[in-house]
Peer 1: 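Can you keep this structure in mind? I'll have questions shortly.
Note that the coordinates shown come from a computational prediction; the quantities given were computed from them, not determined experimentally. In what follows, chains carry the letters A, B, and so on, assigned in the order in which the sequence lines appear, proteins first and then strands, with residues in each chain numbered from 1.
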Number of protein chains: 2
Amino acid sequence: MDALIDETDARLLRLVQRDARLTAAQLSERLNLSPSACHRRLQRLEASGVIRNTVALLNARAVGRPTTVFVEISLSTQADDVLDAFEAAVARIPDVLECHLMTGSYDYLLKVVARDSEDFATIHRRHLARLPGVAKLQSSFALKTVFNTTALPV
Amino acid sequence: MDALIDETDARLLRLVQRDARLTAAQLSERLNLSPSACHRRLQRLEASGVIRNTVALLNARAVGRPTTVFVEISLSTQADDVLDAFEAAVARIPDVLECHLMTGSYDYLLKVVARDSEDFATIHRRHLARLPGVAKLQSSFALKTVFNTTALPV
DNA sequence: GTATCGATGCAAATTTCTTGCGCACCATTT
DNA sequence: AAATGGTGCGCAAGAAATTTGCATCGATAC
């Protein structure tokens, strides 16, 4: 089930991580391979789960979400059922793009996108502060996102 | 240049943010629209920059990068040229997926992916600690990524 | 030396993309 | 009320890309 990734696969992955709309013919030009071989490799990488998904990335500013905030959350307890309830509830907030369980001085780190700081205040009050088990919230605003890529090094 | 996004556009964007490989015909079934109208709307959304890119998302575990670390960085000064040099240098480290200039008690927040904690130690020593202007680094490990989406609320 | 397995290139069939065209609808003007 | 201009729609045809069967090649195992 786990696929071995040779150098050709790696080059394919590097390309489609930047632009998933390259055609098999375009990929094949850069790989010294036939289009059908490219296509079959991509099929295999997708079937084996190396490629999780292919998605459109939006311009956050164009859709009115230019503000990124990172929120450190401490829970009142680390009991399993509290963590589960927290995770289930936070997954339902569409403003939260990422949720990580952390080591260290707080329990969860969230990445939140808001329309502006006032909008974040609303999200904070209406959603984040009401999450089950929350003891403490600390928010840090991004003044500017220098870069933000989804391309993993391969 | 800025596109008005009506409800049909929004529904299109919600769909292609989850799966950019839906065909115009498949999209049209869910939107009560013809395939060609879907296609033209997507063209417009892309031309106007609302859709920034379409990319393949990889399984971090499958490509050997299961470990996510957030690194808070304080610089020795906030002089413009130091910030510029820092940003240019950090953009060249492929292990760093995100870099945000922050308000608050530190200057930059980085999201880094590593093979394991030992690999992160190497990245830390070889790349992060050598970035220009760095005064202090504080790293926080993610024990588990509960979720991680690129889909902005639209 | 031979068999086997996996991957390749080629080519045909299918599907999808892409765009020109005419039409309908709506708002504004005359 | 009629005319006008603009926008977006569906249809349909041509172009392009995907998808798959097949024969072949090369490496590895026996």
Peer 1: Does any residue of residues 7-15 of chain B have a heavy atom under 4.0 Å from DNA chain D, and if so, which ones, in number order?
Peer 2: none

Peer 1: Determine all donor-acceptor pairs shorter than 3.5 Å in which one atom belongs to a side chain in residues 70-77 of chain A; sequence neighbours excluded.
Peer 2:
residue	atom	partner	partner atom	Å
A:Ser76	OG	A:Gly133	O	3.3
A:Thr77	OG1	A:Ala79	N	3.0

Peer 1: Let me know the distance between CG of B:Leu4 and P of D:dG6, rounded to the nearest Å.
Peer 2: 18 Å

Peer 1: Nucleotides 22-24 of chain C: which of its N/O atoms have a protein N/O under 3.5 Å away?
Peer 2:
none

Peer 1: I need the full list of salt bridge (charged side-chain N to carboxylate O under 4.0 Å, His left out) pairs touching residues 6-17 of chain A, with sequence neighbours left out, sorted by first then second residue.
Peer 2: A:Asp6-A:Arg41, A:Glu7-A:Arg14, A:Asp9-A:Arg41, A:Asp9-A:Arg44

Peer 1: Among residues two or more places apart or on two chains, list those pairs meeting ring pair (Phe, Tyr, Trp, His ring centres under 6.0 Å) that have a residue in residues 133-154 of chain A.
Peer 2: A:Phe120-A:Phe141

Peer 1: I'd like to know if the side chain of B:Asp95 and the backbone of A:Pro153 have a donor-acceptor N/O pair within less than 3.5 Å.
Peer 2: no

Peer 1: For nucleotides 13-19 of chain C, give me one character per nucleotide, 5' to 3': B if any protein heavy atom sits under 4.0 Å from the base, S if the only such contacts are to the sugar-phosphate, - if neither.
Peer 2: ---SSSB

Peer 1: Could you note down all residue pairs passing side chain to side chain donor-acceptor pair (under 3.5 Å) where residues 126-136 of chain B supplies at least one of them, sequence neighbours left out?
Peer 2: none

Peer 1: Once you round it to whole Å, what is the distance between C1' of D:dG8 and CG of B:Leu42?
Peer 2: 15 Å

Peer 1: I need the minimum non-hydrogen distance between A:Gly49 and B:Asn59, along with the two atoms involved.
Peer 2: O-CB, 3.1 Å

Peer 1: For the pair made of CZ in A:Arg44 and P in C:dC5, what is the distance, rounded to whole Å?
Peer 2: 18 Å

Peer 1: Listing request: all side chain to side chain donor-acceptor pair (under 3.5 Å) pairs with a residue in residues 138-150 of chain B, at least two apart in sequence or in separate chains.
Peer 2: A:Glu87-B:Lys144, A:His100-B:Thr145

Peer 1: For A:Leu45 and C:dA7, give me the distance from atom CG to atom C1', rounded to whole Å.
Peer 2: 14 Å

Peer 1: Within this structure, what is the CG-to-P distance between A:Asp6 and C:dA7, rounded to whole angstrom?
Peer 2: 9 Å

Peer 1: Rounded to the Å, how far apart are A:Glu29 CD and D:dA17 P?
Peer 2: 10 Å

Peer 1: Going by the ring pair (Phe, Tyr, Trp, His ring centres under 6.0 Å) test, which pairs reach into residues 21-65 of chain A, not counting sequence neighbours?
Peer 2: none

Peer 1: Partners of A:Tyr106 by ring pair (Phe, Tyr, Trp, His ring centres under 6.0 Å), sequence neighbours excluded?
Peer 2: none

Peer 1: According to side-chain contact (heavy atoms from CB on, under 4.5 Å), who are the partners of B:Asp119, at least two apart in sequence or on a separate chain?
Peer 2: B:Arg65, B:Ala114, B:Arg115, B:Asp116, B:Ile123

Peer 1: If you look only at distance, which donor and acceptor atoms sit under 3.5 Å apart when one is on a side chain in residues 27-34 of chain B and the other is two or more places apart or in another chain?
Peer 2:
residue	atom	partner	partner atom	Å
B:Ser28	OG	B:Ala24	O	3.4
B:Ser28	OG	B:Ala25	O	2.7
B:Ser34	OG	B:Ser36	OG	3.3
B:Ser34	OG	B:Ala37	N	3.2

Peer 1: Whole angstroms only, please: what is the CG-P distance between A:Leu33 and C:dG6?
Peer 2: 18 Å

